[in-house]
There are 2 protein chains.
Amino acid sequence: MEPRSRAARMSATAASCVHCPLADDCLPAAIGLRRATQLLARIGRRRLLRRGDVLFRAGAPGHDLHVLRAGAVKGFVFDDGVEHLTALYLPGDWIGTSAIRSPHAKSAAALETGVVCTIPWGRLERQARREPPVQRWLHDRISRALTRTGAHLALLQGPRDPEVRLIAFLLDLSARYHALGYSATEFRLPLSRAEIGAYLGLAEETVCRNLTALARRGWLDVAGRLVRMRDTAALRTFAPLDTRSPGAAMDAREDVRRNRRA
Amino acid sequence: MEPRSRAARMSATAASCVHCPLADDCLPAAIGLRRATQLLARIGRRRLLRRGDVLFRAGAPGHDLHVLRAGAVKGFVFDDGVEHLTALYLPGDWIGTSAIRSPHAKSAAALETGVVCTIPWGRLERQARREPPVQRWLHDRISRALTRTGAHLALLQGPRDPEVRLIAFLLDLSARYHALGYSATEFRLPLSRAEIGAYLGLAEETVCRNLTALARRGWLDVAGRLVRMRDTAALRTFAPLDTRSPGAAMDAREDVRRNRRA
DNA sequence: CGTAGGATTGAATAACGTCAACTGGAGTGG
DNA sequence: CCACTCCAGTTGACGTTATTCAATCCTACG
């Protein structure tokens, strides 16, 4: 149930890909384990994160890319004193992509203990120029970041139905954990109720109420931060645009209201 | 008041930067006008857009980058039959950045007649490997796209106060038009009321009502799609996180509620 | 064992969305 | 040249519902 944070206790600075569980979806997949380790040892750093640690603050220059290896990180901004979560990062995710060549637009802080690999953008860009696979890797992940943000945005635009938003959030989490090799049905929420609210554009109490409402209906079990999805099929019925099949579903719907020649 | 679409009537295919009014913020700024024109003639295409023309559809493979030269384009998805605008592109903007190396997550259609320059991603990436300035240009613009999306997202997360959202939308438009050399106080809305609603996560009627409410208060004048900002200072007071000064304002607010060591 | 902060529940308010009718201008065709 | 049509925009009344304010519970940790 609980993601075993296998890479939690490790040496503090030298970055190596050898024992990294994410290797097959990261740099080693692009240029091979041997070269990745060499390269990372030269230009990369590893850092241990504890809850609350700040990776960077909004407004700061974006020196480097962070790849989350273990744990969870939130991206957030403050608007008039209230926090908004603009992103939730899980192992394998890239953090700070919006600041390749501009100051950070948001801050990032660790939600729990974890590990990040850090690579200066300059070095990465240089390497990307030399090696097409590195460039592909780079653009591939940036592409993903943009897509994920877009999905989040679309969710926020829908009708403010808290149930739908929560379900979408949970299904997304489930899918991501599953992709990481964890259970898709039982997991621990990396966010507090208030943070979930800040992520979905809802009040904390609304999150609470609808979470218990979903439980009462038998869709899932909730106990504090522990979630057990009981009827994934039912949940999927209420989910908005399916993030897992980006193309098909949307195309079919597109023709309903089409902006024809004026 | 009305953006003079200077580059509207042009030959249909060969792309050249020579007479492009956006040259100094585009490829020519990176590698010089001469080389930019050469390069674009080789790998680029130009296309005339008419209202409703679709640049690409969600799910389609993302072959190439589009740089909007004149006109306005909307990025949108369909969720259960209702349209959501995920982006609004104005001259100078890059369209399709989320699909460098993945299928398009959203569709894009012209809102009015305009012109786009189109460059295949593959060619652009190859060139980016050879020429650092091109790479910088590429990453710079992608960075901007991510930042802009992030700002949009944060806006949608705030309290669902239609007034605030509308003001933020209008100020953003104003700033962008200003940056393009048009009037910052008088412009034509590229979106219908319904589309503004789809962009801000509000109902069409709500947009209407609050637009006239703002006018009644003397903040601005509205006549159909024509907008005249009368009291920009007052409007700015109600705006959420200021997009124009990404750093300062947010940093000051950040310390209010900080996630300290647990 | 005690406390602090997160989570939960309750009640009342305010406001956005919905349904529906109406207006006005632009474009079309007689 | 005028009447007609169509659709974007507007306004009104209503119901629903998420937020807000507040109090309480509970869980984790010291």
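In what follows, chains are A, B, ... by sequence order, proteins preceding strands, each numbered from 1.
- The side chain of R225(B) contributes no N or O atom lying less than 4.0 Å from OP1 or OP2 of dA8(D).
- Taking atom CZ on R216(A) and atom P on dT8(C), their separation rounds to 11 Å, with Å as the unit.
- Counting any heavy atom pair closer than 4.0 Å across all strands shown, G197(B) reaches no nucleic acid atom.
- Each of T113(B), L55(B), V115(B), V54(B) was compared with L49(B) under the side-chain contact (heavy atoms from CB on, under 4.5 Å) criterion, and only L55(B) meets it.
- Of the side-chain N and O atoms in R193(B), one or more sit less than 4.0 angstrom from OP1 or OP2 of dT10(D).
- Side-chain nitrogen and oxygen atoms of T212(A) include at least one within less than 4.0 Å of the OP1 or OP2 phosphate oxygen of dT9(C).
- L173(A) places a side-chain heavy atom less than 4.5 Å from the side chain of L90(A).
- Distances shorter than 4.0 Å separate none of the side-chain N or O atoms of R209(A) from OP1 or OP2 on dT17(D).
- Backbone-only contact: P162(B) has heavy atoms under 4.0 Å from sugar-phosphate atoms and none from a base.
- Considering only side-chain atoms of E205(B), the nucleotide from dG17(C), dA20(C), dC21(D) that sits closest is dA20(C).
- Y182(A) and F187(A) have their aromatic ring centers separated by at least 6.0 angstrom.
- Counting only heavy atoms from C-beta outward, the side chains of V207(B) and L166(B) approach each other to under 4.5 Å.
- In this entry the distance linking CG of N210(B) with P of dG9(D) reads 16 Å, nearest Å.
- Note: CG (L202(B)) to C1' (dT10(D)) measures 16 Å, nearest angstrom.
- In terms of modelled atom types and a separation under 3.5 Å, the side chain of R51(B) and the main chain of L111(B) share a donor-acceptor contact.
- Between the P atom of dG9(D) and the CG atom of L166(B) lies a distance of 13 Å, rounded to the nearest Å.
- Separating the CD atom of E204(A) from the C1' atom of dC25(D) is a distance of 14 Å, rounded to the nearest angstrom.
- Between the CG atom of D161(B) and the P atom of dT19(D) there is a distance of 13 Å, given to the nearest Å.
- Looking at the side chain of C208(A), the nearest of the listed nucleotides dT8(C), dG6(C), dT11(D) is dT8(C).
- Taking 4.0 angstrom as the limit, T206(B) places a side-chain polar atom (N or O) nearer than this to OP1 or OP2 of dG17(C).
- Atom CG of L226(A) and atom C1' of dT27(D) are 13 Å apart (whole Å).
- Residue L211(B) contributes atom CG, which lies 10 Å from atom P of dT11(D) at whole-angstrom precision.
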